[in-house]
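See structure below.
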Amino acid sequence: MNIVIIGLSITSSWGNGHATTFRALARELSAQGHRVVFLERDVSWYAQHRDLPNPPYARVHLYRDLDGLRRGHARLVAAADAVIVGSYVPEGIAVGEWVQATARGVTAFYDIDTPVTLAALDRGECSYLEMRLIRNYDLYLSFTGGPTLARLQREFGARLARALYCSFDPRHYYPETVDETWDLGYLGTWSADRQPRVDRLLLEPARQRPERRFTVAGAMYPDSIDWPANVELCQHIPPHEHRGFYNRQRFTLNVTRDDMRSAGWSPSVRLFEAAACGTPIISDTWPGLDELFEPGREILLAETSEDVLGYVEGLSEGQRRAIGRHARERVMDRHTAAHRAAELTHWLMEASETNAASAA
């Protein structure tokens, strides 16, 4: 297939989780014989932090504004077998309208932020998607599975809603024998709704155990946060350093945004990356998590600082390593980028066949 993706970013991983998802997907699509072109809005905050300006597995074109997208890439979009528009694309509503009017192949919306998107639509405040656009996309690819898929079709009018979770590349995420620097770490961009759980599940344990070492890595953390002295703050860790970061932790923390906790079935890419490294994961709880990992065997669930310290201090080294090993086995079996690329092409073919049947 000739596949065109118009997404938030593939060239810069700064302050977003979209880039790593698009990179892994595009790499595997290319490996499976498809041709991928990625169209990205050239914005200053990503231009200053481009860690992969020219990925070898996809042609990347930067465009300055909506007019530049329309004038420069109309033929490309019209000729593609499939055109995928991602969530949070600047002026995404206008982009979606243009794609639906221009593309002759399958049109899809890839929502890497489904619960956030649907909550914003309910409030009438979504800047990149509208209800009428949902009805006109041939396929809605959702970061969230479970009951949300039926809701997308029933309440929002999606023609075809299918889950396309994020993934990881096994060539970049795997266990290493390195010195463990931190007892517990967390990798994630700051968000107001997540921060209370970061406080409870990492900063509070750090305050209670000043002799232990902790770390938080991510962009946009405000200066107002009172960091304990034994918490090391890293402003940004590029993807090529994620494996080393996870392998230096005895345990890693997974914290989920409120809208995604409510919807459930919304695994973060960081969840799969950490599991692939064999690092035991301590996670907040949400519906559907137990369908992705087996609690107690492949993942550890926590709601309080006491839960966290119970794992950090109470598990034997054998138990700790076994949990990490079992989680790695699970994601290698079901959640690699190759799995996602195969799922995506399957869903695109299903949408194409559905369109053909409707036209007959």
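Here the structure is a predicted model, which is why all the values come from computation and not from measurement. What you see below is based on every heavy atom in this structure, not just the backbone, and it leaves out hydrogens, waters and symmetry mates.
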Tell me whether Arg154 at atom CZ has more than 12 heavy atoms from other residues, nucleotides or ligands lying less than 6.0 Å away. yes
Under 6.0 Å from the CH2 atom of Trp45, do we count more than 12 heavy atoms belonging to anything else shown? no
Dump the intermediate steps for side-chain contact (heavy atoms from CB on, under 4.5 Å) on Leu118 and Arg151, then the final yes or no. CA-CA 10 Å; Leu118 300 190; Arg151 185 181 174 220; 3.8 Å; yes
Partner of Glu298 under salt bridge (charged side-chain N to carboxylate O under 4.0 Å, His left out), picked from Arg330, Arg334, Arg325, is Arg330
Under 3.5 Å: donor-acceptor pair, side chain of Arg270, backbone of Gly188: no
Check whether the ring centres of His73 and His61 lie less than 6.0 Å apart, and answer yes or no. yes
Assign the ring pair His18 / Tyr88 to parallel, tilted or perpendicular, where the plane angle (0 to 90°) is split at 30° and 60°. perpendicular
Walk me through whether His242 and Ile237 qualify under side-chain contact (heavy atoms from CB on, under 4.5 Å). CA-CA 7 Å; His242 285 186; Ile237 297 181; 3.8 Å; yes
Would Phe168 and Phe272 count as a close aromatic pair, with their ring centres under 6.0 Å? no
Please check if the side chain of Asp199 supplies one atom and the backbone of Leu202 the other of a donor-acceptor pair under 3.5 Å. no
Does a salt bridge link Asp307 with Arg197, judged by any charged N lying under 4.0 Å from a carboxylate O? no
Checking the side chain of Thr117 only, and the main-chain atoms of Asp113 only, is there a donor and an acceptor separated by less than 3.5 Å? yes
Distance-only, no hydrogens or angles: does the Glu232 side chain make a donor-acceptor pair with backbone N or O of Phe214 under 3.5 Å? no
Phe22 reachable from Leu69 in the ILVMFWY side-chain graph, under 4.5 Å edges: yes
Scanning both residues in full, the closest heavy-atom pair of Pro175 with Ala276 reads CD-O, 3.6 Å
Please answer whether the main-chain N or O of Gly7 pairs with a side-chain N or O of Tyr110 as donor and acceptor at a distance below 3.5 Å. no
Start with the C-alpha gap between Asp111 and Arg162, add the side-chain angles, then the distance that decides, and say whether salt bridge (Lys or Arg N to Asp or Glu O under 4.0 Å) holds. CA-CA 11 Å; Asp111 200 342; Arg162 296 291 184 264; over 6 Å; no
Can Thr114 and Ser142 be counted as having a side-chain donor-acceptor contact under 3.5 angstrom? yes
With the 4.5 Å side-chain cut-off for hydrophobic clustering, are Ile112 and Met260 part of the same group? yes
Do you know the tightest heavy-atom contact between Tyr137 and Gly96? OH-CA, 3.3 Å
Run the numbers on Leu187 and Thr252 for side-chain contact (heavy atoms from CB on, under 4.5 Å), then give the verdict. CA-CA 8 Å; Leu187 175 60; Thr252 196; 5.9 Å; no
State whether the side chain of Thr148 and the backbone N or O of Thr144 hold a donor-acceptor pair below 3.5 Å, judged by distance alone. no
Taking atom CZ as the centre, does Arg123 end up with more than 12 heavy-atom neighbours from other residues, nucleotides or ligands that are less than 6.0 angstrom away? yes
Under 6.0 Å between ring centres: does that hold for Phe143 and Tyr165? no
When clusters are formed by joining ILVMFWY residues with side-chain heavy atoms under 4.5 Å apart, either directly or through shared neighbours, do Leu301 and Val308 land in the same one? no
Is a salt bridge present between Arg171 and Asp169, judged by a nitrogen-to-oxygen distance below 4.0 Å? yes
Quick one, Arg41 with Glu91, criterion salt bridge (Lys or Arg N to Asp or Glu O under 4.0 Å). Give me CA distance, side-chain angles, the key distance, then yes/no. CA-CA 10 Å; Arg41 182 78 166 257; Glu91 297 185 87; 3.1 Å; yes
Interatomic distance, Glu130 atom CD to Asn136 atom CG [nearest 0.5 angstrom]: 11.0 Å
Under a 3.5 Å cutoff, is there a donor and acceptor pairing between the side chains of His339 and Thr336? yes
Report yes or no: does Glu155 contribute a side-chain atom to a donor-acceptor pair with the main-chain N or O of Leu152 at less than 3.5 Å? no
Verify whether the ring centers belonging to Trp182 and Phe245 lie closer than 6.0 Å. yes
Asp183 pairs by salt bridge (charged side-chain N to carboxylate O under 4.0 Å, His left out) with which of Arg212, Arg248, Arg320? Arg212
Report the distance from atom OH of Tyr63 to atom CD of Glu40, rounding to the nearest 0.5 Å. 8.5 Å
Between Arg297 and Glu329, does at least one N-O distance fall below 4.0 Å, as a salt bridge requires? no
Would Arg328 and Tyr174 satisfy side-chain contact (heavy atoms from CB on, under 4.5 Å), going step by step from the backbone distance to the final call? CA-CA 8 Å; Arg328 174 171 166 76; Tyr174 50 82; 4.0 Å; yes
With heavy-atom distances below 4.5 Å as the criterion, would you say the side chains of Arg261 and Asp284 are in contact? yes
Closer than 3.5 angstrom, by distance alone: can the side chain of Asp138 be matched with the main-chain N or O of Thr107 as a donor-acceptor pair? yes
Does the side chain of Val331 come within less than 4.5 Å of Leu271's, by heavy atoms? no
Tell me, with the steps shown, if Arg35 and Asn2 meet side chain to side chain donor-acceptor pair (under 3.5 Å). CA-CA 5 Å; Arg35 292 167 295 279; Asn2 289 317; 2.5 Å; yes
For Asp51, is there an ion pair with Arg23 - N to carboxylate O distance below 4.0 angstrom? yes
Whether the side chain of Ser305 engages the backbone of Leu201 through a donor-acceptor N/O pair (distance < 3.5 Å, no angle test) should be reported. no
List the steps and the verdict of side chain to side chain donor-acceptor pair (under 3.5 Å) for Thr215 and Gln249. CA-CA 9 Å; Thr215 185; Gln249 302 170 49; over 6 Å; no
Consider only side-chain heavy atoms of I, L, V, M, F, W and Y, link residues closer than 4.5 Å, and tell whether Leu344 and Trp265 are in one cluster. no
Less than 4.5 Å apart, side chain to side chain, heavy atoms only: is that true for Arg132 and Ile93? yes
Do Arg50 and Thr11 meet the criterion of a side-chain donor-acceptor pair at a distance under 3.5 Å? yes
From CA spacing to verdict: side chain to side chain donor-acceptor pair (under 3.5 Å), Thr345, Gln32: CA-CA 10 Å; Thr345 54; Gln32 294 175 18; 4.7 Å; no
Does a salt bridge link Arg340 with Glu28, judged by any charged N lying under 4.0 Å from a carboxylate O? no
Is there a path of hydrophobic side-chain contacts, each under 4.5 Å between heavy atoms of I/L/V/M/F/W/Y residues, joining Val255 to Val269? no
Report the C-alpha separation of Tyr186 and Arg194 in whole Å, then their side-chain angles, then the decisive distance to 0.1 Å, and conclude whether the side chain to side chain donor-acceptor pair (under 3.5 Å) test is met. CA-CA 12 Å; Tyr186 171 67; Arg194 269 196 303 231; 3.3 Å; yes
Between His34 and Asp81, a side-chain donor and acceptor under 3.5 Å: no
Heavy-atom check, side chain of Leu139 versus side chain of Leu348, under 4.5 Å: yes
Any side-chain heavy atom of Tyr140 within less than 4.5 Å of one from Ile134? yes
Crowded around Arg104 CZ? As in, over 12 foreign heavy atoms under 6.0 Å? no
Treating Trp286 as the side-chain partner and Asp258 as the backbone partner, does any N or O pair qualify as donor plus acceptor under 3.5 Å? no
